[in-house]
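Nothing fancy with the numbering, it's 1 onward along the sequence. Hydrogens, waters and symmetry mates are skipped; everything else that's a heavy atom, side chains included, is used. Worth saying up front: this structure is predicted, and the values here are computed from it rather than measured.
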Amino acid sequence: MVSEKDIFCVSGPKHLTSIDWSNKDHCRSVAACLVQAVYVLERDRQLNRQFPDNFAPAWWEFFHFDLIRKLIDDADMSIFGAIFELNPPILKNSDSPMTKTPRFVIAFRGTITEKHSISRDLTLDLHLVQNGLHKTSRFLIAMQALKNVVSQFPNSEIWICGHSLGSGIGMLVSRNMVKTGKPIPTFLFNPPFCSAPIENIKDERVKQGIRIASSLLTAGLSLALKPRNETPVLEDNFEKLSMWVPQLFVNPNDHLCSEYIGYFEHRDNMDNLGAGSIERLATRNSIGDLFLRFLGRESEPLHLVPSANLCVNLGISPDFKWAHGIMQWWQNDLCLSCKEYRYI
């Protein structure tokens, strides 16, 4: 049975007949649709939907993109990503100082709970939780694909976008590029935050108390494990990442990503309490990764980022499936609250 969410003319943002690349809402919607295109590419493959019965092309052709390459997982042969090229390369307001028109967009899908892909996707979800996504072949394929585009087109604007598990892949490849001095515009939808969902606690005093206690503990452990007269590699990496400001799109009703709200707000609260120096130490570490470091296993927490433009969907979500879904991010009536956070 065909799902309506796969059909662009039913579920897509048909109101975006002309893209203004200086409009942040337009950029967000296009990025989300290209992620959706990867989902539909994989579902087309699983259901053996061939031209002219396939649904994926409408998700990129509507915005004048061409599909350049599918990214294939070598473990299950599923399509987990795609490289798109804008054609024509110059559209309305492409020279706006607010943003550059992307020539290439590399998009990554999240988990698909169908029999042909669920085993591999859930295994990768587990790797993400265990902070081991960088050891997987899917990440290596994605990283090499980005490096190839950057090397072949060094002066072109390239975007990275992903959803859920795909946000983890996108986060990781973008972080690696930043460390080489090449920050990439990044759009991450419902990016997983691997920690206890403190944001779901309703009592604000209890929530703040837990966060303060966690910061003090994390900062204390960080100092205890820091080698004397030596700046750890992970500390240097966190400083390098501060120039990169990814776009993070989260829904407070999605417990898999909502902790980003508290993560950034707590930094401001600690500054207001005069404990900013403690939080700057705590914000680049997690207790779980400090424990691994104690065991001699160097670990860089993927979900901790120094800077970001955090956009929160304040609209009503009927259920978790909608709150965690990609479709919410191109809705015409989306109610967003955005704030940029910088690590200083």
Side-chain angles (χ1 to χ4, degrees), residues 5 28 32 35-36 39 108-113 118 121-133 161-172 186-215 217-218 246-270 279 282-283 285-289 291 301-305 308-331 334-339 341:
K5 65 183 179 180
R28 181 197 69 248
V35 173
Q36 173 70 352
Y39 276 108
F108 305 105
R109 66 165 176 85
T111 302
I112 294 181
T113 56
I118 188 171
D121 285 355
L122 289 181
T123 299
L124 290 165
D125 287 332
L126 183 59
H127 278 295
L128 189 151
V129 172
Q130 296 175 335
N131 206 22
L133 203 57
C161 52
H163 172 249
S164 192
L165 172 61
S167 283
I169 296 287
M171 176 82 78
L172 195 51
T186 307
F187 299 77
L188 303 177
F189 302 96
N190 302 85
F193 192 101
C194 301
S195 77
I198 302 174
E199 189 62 24
N200 291 345
I201 298 175
K202 302 302 181 183
D203 192 311
E204 289 296 328
R205 290 177 300 177
V206 172
K207 187 191 306 185
Q208 186 177 22
I210 292 175
R211 292 196 190 283
I212 292 174
S214 177
S215 291
L217 177 59
T218 304
Q247 309 289 317
L248 305 185
F249 301 94
V250 305
N251 189 311
N253 295 304
D254 175 10
H255 63 270
L256 297 179
C257 68
S258 62
E259 191 57 27
Y260 272 109
I261 301 172
Y263 171 72
F264 284 108
E265 288 182 349
H266 179 59
R267 284 175 21 179
D268 284 352
N269 292 337
M270 290 292 278
E279 184 56 26
T283 194
N285 295 284
S286 71
I287 293 176
D289 291 290
F291 178 72
L302 173 64
H303 59 285
L304 302 185
V305 290
N309 183 39
L310 184 68
C311 296
V312 181
N313 183 359
L314 301 180
I316 298 175
S317 298
D319 50 34
F320 170 76
K321 188 175 182 179
W322 176 263
H324 188 65
I326 188 68
M327 290 180 60
Q328 63 184 299
W329 300 113
W330 62 71
Q331 300 304 312
L334 189 62
C335 181
L336 283 182
S337 173
C338 298
K339 182 176 179 179
Y341 293 88

query: Could you give the distance from OG (Ser164) to CG (Asp125), rounded to the nearest 0.5 Å?
result: 6.5 Å
field: Among Leu126, Thr113, Thr111, the one residue meeting side-chain contact (heavy atoms from CB on, under 4.5 Å) with Asp121
entry: Thr111
- prompt: Less than 4.5 Å apart, any side-chain heavy atom of Val250 and any of Phe189?
  reply: no
field: Pro192 to Ser167 - nearest heavy-atom pair and separation
entry: CD-CB, 4.2 Å
- request: Would you mind reporting whether Asn253 and Ser258 have side-chain heavy atoms less than 4.5 Å apart?
  value: no
statement: Sequence neighbours excluded, the answer for side-chain contact (heavy atoms from CB on, under 4.5 Å) partners of Gln247 is Phe187, Phe249, Asn309
task: Decide side-chain contact (heavy atoms from CB on, under 4.5 Å) for Leu336 and Arg28; before the verdict, give the C-alpha distance in whole Å, the side-chain angles of both, and the deciding distance to 0.1 Å.
output: CA-CA 11 Å; Leu336 283 182; Arg28 181 197 69 248; 3.3 Å; yes
- request: Taking the side chain as every heavy atom from C-beta outward, state whether Val305 and Phe264 have any pair of such atoms under 4.5 Å apart.
  value: yes
message: Keeping Tyr39 on the side-chain end and Gly110 on the backbone end, is there a donor-acceptor pair under 3.5 Å?
response: yes
statement: For Leu310 and Tyr341 the tightest heavy-atom approach is CB-CE1, 4.1 Å
message: Within the 4.5 Å heavy-atom criterion, are Leu256 and Phe320 side-chain neighbours or not?
response: yes
Heavy-atom closest contact (Val35 atom, Arg109 atom, distance): CG1-CA, 4.3 Å
From Leu133 atom CG to Leu172 atom CG, the distance as rounded to the nearest 0.5 Å: 6.0 Å
- prompt: Would you say His324's side chain and His255's backbone share a donor-acceptor pair under 3.5 angstrom?
  reply: no
Pair Phe108-Leu165, side-chain contact (heavy atoms from CB on, under 4.5 Å): steps then yes or no: CA-CA 8 Å; Phe108 305 105; Leu165 172 61; over 6 Å; no
statement: Taking every heavy atom of Gln328 against every heavy atom of Trp322, the minimum-distance pair comes out as NE2-O, 3.2 Å
Heavy-atom side-chain contact between Trp329 and Asn313 under 4.5 Å: yes
message: Please find the pair of heavy atoms, one from Leu248 and one from Ala308, that lie closest to each other, and give the distance.
response: CD1-CB, 3.8 Å
task: Please confirm whether the backbone N or O of Met327 pairs with a side-chain atom of Gln36, one donor and one acceptor, at under 3.5 Å?
output: no
Atom of Asn251, atom of Ser317 and distance for their closest heavy-atom approach: ND2-OG, 2.9 Å
